[in-house]
Amino acid sequence: MAEKGSISIHAQNIMPVIKRWLYSDKDIFLRELVSNGCDAIAKYKLLALKGEVPALEEYRVDVVADEKEGTLKIVDNGIGMTADEVKRYIAQVAFSGAEEFLAKYKGEDGQNGIIGHFGLGFYSAFMVSEKVTIDTLSCQEGAQAVRWESQDGMEYEMSPSDRQTHGTTITLKISQEDQDFLRKWTLRSTLEKYCAFMPVPIYLSQVKEPEPPKEGEEPPKPEEPEQVNDIHPLWMKKPSECTEEEYKAFYHKVFHDYDDPLFWIHLNAEYPFNLKGILYFPKIKNEFSSSEGVIKLYNNQVFVADNIKEVIPEFLMLLKGAIDCPDLPLNVSRSFLQNDGYVKKMSAYITRKVADRLVSEFTGKREDYQKYWDDIHPFVKYGCIRDEKFYDRVKDAILFKTVDGQYLTLKEYLDKSGQSAEKEKTVYYASDAKRQAQMISLYTGEGKIVVLLDTLIDNNFISFLEFVGREGEDKLSFRRVDAGTEGLTEAGDTDEAARKALEDKFRKALGQQDLAVTLSQFKQDTIPAMVTVDEQTRRFADMSRVWGDRGFSMPEKKTLALNARHPLVQYLETSQDEELDALVCQQVNDLAEMARSPLESERMVAFLQRSNQLLTRLVKPRENA
């Protein structure tokens, strides 16, 4: 005799909330139902180990789609349920009141899901179904098979079932708007997303109406179920059991990246928490591209979400990997972590292991480490800025690439440049090796080592290093090759009258009455002038341009540094030809500017026209000469 009843505790309010809140994540229902099947099998295995039930030769969950009938079945051979258990686990929603529950777990944006805890995972089925049927038989001796049916998740009917073996079959009558979940491609991609590494074999099949065989042909064989998961993911093995080929194959398969990873870290912690995983250092194609890295988070081999910031520090998001932690304190959606001290400890552990591996690569494989430093340095530098403990661990493994291709630590740079004993230490650098080649040659010609810092992060990173360097007695500063003429000029008194006359001449020719001009004896006579820019004001201006901060800007403090040894400067000191002098002043200034940065379009046009004019004067003397 059929028994009827109502789902307890405000079910009429729950189902609309489930459908509305998780609309964008409808495919999550498949994860919930398949993982429930895996849980049922895990329970059965435990009873089998205790000798309470016979062990099976094969444990499996089957996902079977039937487009003609419009049904999707999830079948397991697990522990099954009795009628009383169906009433307890299915017909009751285990919380004290719907209003209190929703108020407690609703996020600030109102979008947090409510699936995956407190018995609600099963009810995700109603997001895509017009009707849900459960056929289940408990493995308990003498148990009777039970059928549970509901069209809306609020009213249900229970009756005897014809299921003959222990386990559970959930049959979903898929709604018209969700027919895509009956197509094999959609199901496979969803299962690969959520269930690729679940600990029980998962098989996918599709019921098809067989075409009648042609005369003389054998009837077509039914489609064989396809296993869609790997029950032994690589991270579950001990690092000593994994080969380099296996690590690379796993990387290519999971992340669909054709390039090999640079190297990887195998996490394997059992205390104070259980955490396993593999983190890969990919070849970074676009600096700070958040889409480059994907770190998949699993709970007992069940996919939770990508890039959960509570567990994975932001700067590690440039990596790719998989982390499995059965001890994760999940909230009701399985997709959002409670932000507690336990999670912070896991995050700190992961950061520490990454830092230790970097140092290990540097100390043990320095040559290889230098080869991929160009790929990993943005990540390392960003990590140092974001996490002081990470910086403390990796600071001695930070490299600086010189303009001639050497890789030096900061200590090695200071030792080679003879600054180790000095209180004020200076690192000379260029941000564009080609554009600033002339100024680089001035410094290298004087025996100074110039490093190349040419990425977006470098401006912030050197400011960070200067800041942390203030904690000691020594002062560290970074100085770009256009920041001044220190080390490039001879010591001695300046002819102030000559300097003032040249300053007036350049100000008039350039139309810049506030132009600062210096005059000194350069050690080399290869260039007539340099445009130098105050280091700090230039950094502010650069950051403003990069990050689009138009609300605050600081003008660059530029100085035109004239070389008293150069013939053009000597000519300008004595010449009285105002027309030619103006052209020479403008040309000297533009040449000096071009040595550090490109000219703007209008200024470049004027420079080219002036160059033609000066060349014409050179080969064709003026008529009145």
Side-chain angles (χ1 to χ4, degrees), residues 107 233-239 242 247 261-282 284 288 290 292-331 333-364 369 376-398 457 460-461 464-465 467-469 471:
L234 195 62
W235 71 74
M236 297 300 291
K237 296 182 180 181
K238 295 179 180 178
C242 303
Y247 282 118
L262 299 172
F263 62 97
W264 49 85
I265 302 167
H266 197 139
L267 306 170
N268 189 10
E270 296 182 355
Y271 181 83
F273 40 73
N274 186 356
L275 185 149
K276 300 180 188 299
I278 305 172
L279 294 178
Y280 290 92
F281 284 73
I284 299 174
F288 298 129
S290 60
E292 286 291 338
V294 176
I295 297 181
K296 298 179 177 295
L297 189 63
Y298 295 83
N299 187 322
N300 278 321
Q301 298 176 229
V302 178
F303 176 75
V304 175
D306 290 325
N307 297 344
I308 297 294
K309 63 181 180 179
E310 289 87 351
V311 175
I312 312 298
E314 183 184 5
F315 69 90
L316 291 182
M317 295 299 184
L318 293 172
L319 306 185
K320 295 181 180 180
I323 292 177
D324 191 342
C325 185
D327 300 332
L328 285 175
L330 298 173
N331 77 357
S333 72
R334 287 192 186 174
S335 302
F336 298 89
L337 288 164
Q338 298 167 359
N339 191 11
D340 64 3
Y342 192 75
V343 172
K344 291 179 181 178
K345 288 179 181 178
M346 285 192 288
S347 177
Y349 166 80
I350 294 170
T351 302
R352 186 174 72 251
K353 295 298 289 186
V354 171
D356 290 347
R357 179 56 189 271
L358 287 169
V359 174
S360 174
E361 290 288 312
F362 168 72
T363 56
Y369 185 77
I376 68 170
H377 78 89
F379 149 77
V380 177
K381 292 171 181 176
Y382 186 47
C384 290
I385 294 171
R386 298 289 304 201
D387 190 320
E388 185 178 346
K389 291 182 179 179
F390 180 78
Y391 166 71
D392 287 338
R393 285 183 173 273
V394 304
K395 60 184 178 183
D396 293 331
I398 296 170
I457 190 66
N460 300 79
F461 183 61
F464 166 78
L465 290 180
F467 177 78
V468 297
E471 297 179 359

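All values reported here derive from a predicted model rather than from experimental measurement.
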Counting only N and O atoms by type, is there a donor-acceptor contact under 3.5 Å from the side chain of Y349 to the main-chain atoms of L275? no
For T351 and K389, what are the C-alpha separation, side-chain angles and deciding distance, and is it a side-chain contact (heavy atoms from CB on, under 4.5 Å)? CA-CA 9 Å; T351 302; K389 291 182 179 179; over 6 Å; no
Once you round to the nearest 0.5 Å, how far does CD1 of I265 lie from CG of D356? 9.0 Å
Quick one: NE2 on H266 to NZ on K276, what's the gap to the nearest 0.5 Å? 7.5 Å
Rounded to the nearest 0.5 angstrom, the CD1-CZ distance for I457 and F379 is 12.0 Å
Kindly say whether P326 contributes a backbone atom to a donor-acceptor pair with the side chain of N300 at under 3.5 angstrom? no
What are the two closest non-hydrogen atoms of F315 and D387, and how far apart are they? CE2-CB, 3.9 Å
Taking the side chain as everything from C-beta on, heavy atoms only, tell me whether F390 gets closer than 4.5 Å to L358. yes
Which is it for L267 and W235 under the side-chain contact (heavy atoms from CB on, under 4.5 Å) test, yes or no, and what are the steps along the way? CA-CA 8 Å; L267 306 170; W235 71 74; over 6 Å; no
Output the distance between atom CZ (F303) and atom CG (D324), rounded to the nearest 0.5 Å. 12.0 Å
Whether R357 side chain and W264 backbone form a donor-acceptor pair below 3.5 Å: yes
Residues T363, Y369; criterion side-chain contact (heavy atoms from CB on, under 4.5 Å); working and verdict: CA-CA 9 Å; T363 56; Y369 185 77; over 6 Å; no
Heavy-atom closest pair (L262 atom, P282 atom, distance to 0.1 Å) is CD1-O, 3.6 Å
Just jot down the salt bridge (charged side-chain N to carboxylate O under 4.0 Å, His left out) partners of D392, sequence neighbours excluded, or say none. none
Search all heavy atoms of F464 against all heavy atoms of C384 and return the closest pair with its distance. CZ-O, 3.4 Å
Closest heavy-atom contact between Y247 and Y280? O-OH, 2.7 Å
Any chance you could measure M346, atom CE, to I312, atom CD1, to the nearest 0.5 Å? 9.0 Å
Calculate, to the nearest 0.5 Å, the distance between atoms CG and CG belonging to N460 and L465 respectively. 11.0 Å
For side-chain contact (heavy atoms from CB on, under 4.5 Å), just list the numbers for L318 and I376, CA-CA rounded to whole Å, side-chain angles, deciding distance to a tenth of an Å, and then say yes or no. CA-CA 9 Å; L318 293 172; I376 68 170; over 6 Å; no
At their closest point, which heavy atom of R393 faces which heavy atom of V359, and how far apart are they? O-CG2, 3.2 Å
